[in-house]
Amino acid sequence: MALKLYNTLTREKEDFSPIDPKNVRMYVCGPTVYDFAHIGNARPVIVFDLLFRLLRHTYGAQAVTYVRNVTDVDDKINARAARDFPGLALNDAIREVTSTTEAQFQADVTALGTLAPTVQPRATEHIAEMIALIEKLIASGHAYAAEGHVLFDVPSMPDYGRLSKRPLDDMIAGARVDVAPYKRGEMDFVLWKPSADDEPGWQSPWGRGRPGWHIECSAMSWKHLGEVFDIHGGGIDLLFPHHENEVAQSRCAFGHDVMANVWMHNGFLQVEGEKMSKSLGNFLTINQLLADWPGEVLRFTMMKTHYRQPIDWTVKSLEESWKTLDDWYWFVGDTPGTKPAKAVVEALADDLATPKMIAELHALRNAAQRNGGEGARDALAGSLRFLGFLADTPDAWAARRKTSVSVDVEQVEALIAARLSARKHKNWAESDRIRDELAGLGVVLKDAKDPASGEMKTTWEVKR
RNA sequence: GGCCUCGUGGCGGAGUGGUUACGCAGCGGACUGCAAAUCCGUGUACUCCGGUUCGAAUCCGGACGAGGCCUCCA
C-alpha cells in the first residue's frame, strides 16, 4: 500500500519510501520540561503517534524506530528552578523541575492513548555527542569559537533557509536578532555558550558551558537514527528557526544534502477562536483537561481536524466527540476485533487524512447497523483499537460520565426503583414526577425492554 | 515590510474540473403511556470580481477577510 506524506521540504505530497524498510526512522521534537504540557503540545504527540502506528502496521512493529526527545537543559528551566525552589542549590532545583515535569508529561501523554516512542533520549545525556558535533562543524569551517561561545557560521551554508523557504538576504534585511560583538554574521546562532559558576555547565574544549537551543536535536537524532533518516516531525512554529538550524548543523557536520528526507509539521491550535496564551486566561494544560474529559475524547477531538490545518479547540467539539465515542463504545460492546479496516488504513495512508478516516469509521458503523454484519462491527472495533481507542470496557467508559459530576448513586437508584414500580401500576403522573426530579439532579433516564425477559429496565447517565 | 496557511450548508469539517463527503444540530416518521435512548428518512453550501473551459465551488489572476511565523513557543 502506498503511503503518501506531505513534505515541507518540497511543499508537496510525496510517495513515502524509507531508506531501509527494515528500520524506518522517525524523529519528533519533544517537550522542554519546565512546565505542564498544554493542549497544543498534545497535538504533535497524537499526530505522530498515529503515524507511528501506521508505520508499524505497514512495515512491521519491529521495523520502526520512533525517537522523541526530552529537552532537559534550557535557560527557561533554569529560570523556573530558581523561581520555584529558591532554597535549593541550582542543580538540585533543576533536577526537581525536570524530573517532576517529565513524569507529568509521560503521565499526560499515556492518558491520551499514545504508544511509548522507541527511544526518549534526554539532552543532558548527550552532551558528549553535542561537543563532537560542534567540533566537526568547527573543523569543516562552519562554526567558530569566540569569547567562550561557539557560533554557527550561517553564510558558510549556501542554501541555508531552504526548509523554511526564507532566503538569507531577506532575513538579514528584516532581522530582529541580537547583535552581539562576538558574532561574525547577524544570523549566526549559538551552538555552545559559557556558563557562569551558578549556572549548569559541562566541561568542553571552549571552557565550562552549556549547549545552545538547536544542537540537542542534531545530536540525539544522530546518535539514535544516524546521519540521515526518514521523517522529522514537529509543530509548524518550530520550522524556523529551530528546524532550519538543526538542518544546518547536521548537514554541515556530515556533508549530506538532507538531514531527513521528509519533514512534517502540524498546524497550530487555537482555543475558542483565540490564540492560547496565559495573558488571555485560556491556557489549557493536558492535565486540567483530563480532569473533565476522558483522554480518548481529547484524542478523538484532535483527529477531527487534518493535522496540517489550524484547529479550533472548543468545548462544543469535545462534547460532540464524547457523544460519538459513547455511541461507538455502546455499539461495539465486547466485539473482539483487533485488525483495522482497509478503508481506515488507506485514509490514514493519504497524508494522515483523519477526517476521511472518521467518515470511514461512521461508514463501518452504519454498514454494521444496516446489515447486522458482524464483519463490519469487528472491523469498527479493530479499527478503533488500532487507533488507540477502546482502552476501557464499555461499562468503565459509561461510568466516566457518572463520576464526572457528583451524584448520590444510591439515591438515584432508589428513585429509579420507585419510578419502575409506579410505571408497573400505570401511575404515569408519579412516574413523570420522579423523572423530573432526577432531571433536576442532572440525571437522564433511558428505558429499554430487556429482549430476553421482556422486563422494563432503566439505565441512566449524568448530563453535563 | 518579508514568508506561509486558509476562506465550503445553522455549527464542525473533508474533497473534487461534470456524480451524496462525514458528523452534530434541525425537521419528518417508527418505537414509547408520554419522553429519553435507539432505528428509518430528510433540506440547506462552496467570500467576491474577472479569466481559462463545452462545463469551475474545484485551475489561473485580482480584491476583500481570518490566522500564523519572522523573538521563547507544538
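Below, read A as the first sequence line, B as the second, and so on, with proteins coming before strands; counting in each chain starts at 1. Source: prediction; values computed, not measured.
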Whole-Å distance, A:Leu284 CG to B:A74 C1', equals 14 Å
- Pick base, sugar-phosphate or nothing for A:Lys426, based on heavy-atom distances below 4.0 Å to the nucleic acid. nothing
Taken to the nearest whole Å, CG/A:Leu445 to C1'/B:A35 is 10 Å
Answer with base, sugar-phosphate or nothing: what part of the nucleic acid does A:Arg365 contact at a heavy-atom distance below 4.0 Å? sugar-phosphate
Rounded to whole Å, NZ of A:Lys193 lies from C1' of B:C72 at a distance of 11 Å
Checklist entry - How far apart are the C-alpha atoms of A:His38 and A:Leu284, what are their side-chain angles, what is the distance that settles it, and do they pass the side-chain contact (heavy atoms from CB on, under 4.5 Å) test? => result CA-CA 6 Å; A:His38 57 70; A:Leu284 301 175; 5.9 Å; no
### Task
Please confirm whether A:Phe268 and A:Trp313 have ring centers closer than 6.0 angstrom.
no
Stems of at least 3 consecutive Watson-Crick or G-U wobble pairs (donor-acceptor distances under 3.5 Å) involving RNA chain B, listed by first number, are B:1-7 with B:64-70, B:10-12 with B:22-24, B:26-30 with B:38-42, B:47-51 with B:59-63
With A:His232 as partner, the option from A:Tyr66, A:Phe48, A:Trp263 fulfilling ring-ring contact (aromatic ring centres under 6.0 Å, His included) is A:Trp263
Rounded to whole Å, the CG-C1' distance (A:Leu325 to B:C24) equals 14 Å
Next on the checklist: Counting the atoms with a prime plus P, OP1 and OP2 as sugar-phosphate, which does A:Leu361 contact under 4.0 Å by heavy atoms, base, sugar-phosphate, or nothing?
Outcome noted: nothing
To the nearest angstrom, the CZ-P distance between A:Phe240 and B:C70 comes to 9 Å
Checklist entry - When you check the phosphate oxygens OP1 and OP2 of B:G23, does a side-chain N or O of A:Asn366 lie under 4.0 Å from one of them? => result yes
Next on the checklist: Heavy atoms only, 4.0 Å cut-off, all strands: where does A:Gly40 land among base, sugar-phosphate and nothing?
Outcome noted: base
Per side chain to side chain contact (heavy atoms under 4.5 Å, CB included), A:Leu151 is matched among A:Phe189, A:Tyr182, A:Trp192 by A:Tyr182
Taking B:A36, B:A74, B:C24 as options, the one with an atom nearest any side-chain atom of A:Val444 is B:A36
Got a list of protein N/O to nucleotides 11-16 of chain B N/O distances below 3.5 Å?
{"unit_1": "B:C11", "atom_1": "O2'", "unit_2": "A:Lys316", "atom_2": "NZ", "d": "3.0"}
{"unit_1": "B:A14", "atom_1": "OP1", "unit_2": "A:His306", "atom_2": "N", "d": "3.2"}

Picking from B:C39, B:A74, B:C4, the nucleotide nearest the side-chain atoms of A:Pro44 would be B:A74
Of the listed B:G67, B:A36, B:C70, the closest approach to the A:Gln270 side chain comes from B:G67
Contacts under 3.5 Å, N or O only, protein and nucleotides 30-33 of chain B:
{"unit_1": "B:G33", "atom_1": "O6", "unit_2": "A:Ser431", "atom_2": "OG", "d": "3.3"}
{"unit_1": "B:G33", "atom_1": "N1", "unit_2": "A:Asp432", "atom_2": "OD1", "d": "3.0"}
{"unit_1": "B:G33", "atom_1": "N2", "unit_2": "A:Asp432", "atom_2": "OD2", "d": "2.7"}

Review point. Is any NZ, NE, NH1 or NH2 atom of the basic residue among A:Arg400 and A:Asp392 found under 4.0 Å from an Asp or Glu carboxylate oxygen of the other?
Key: yes
Centroid under 5.5 Å and tilt under 30°, A:Phe268 to B:A74: yes
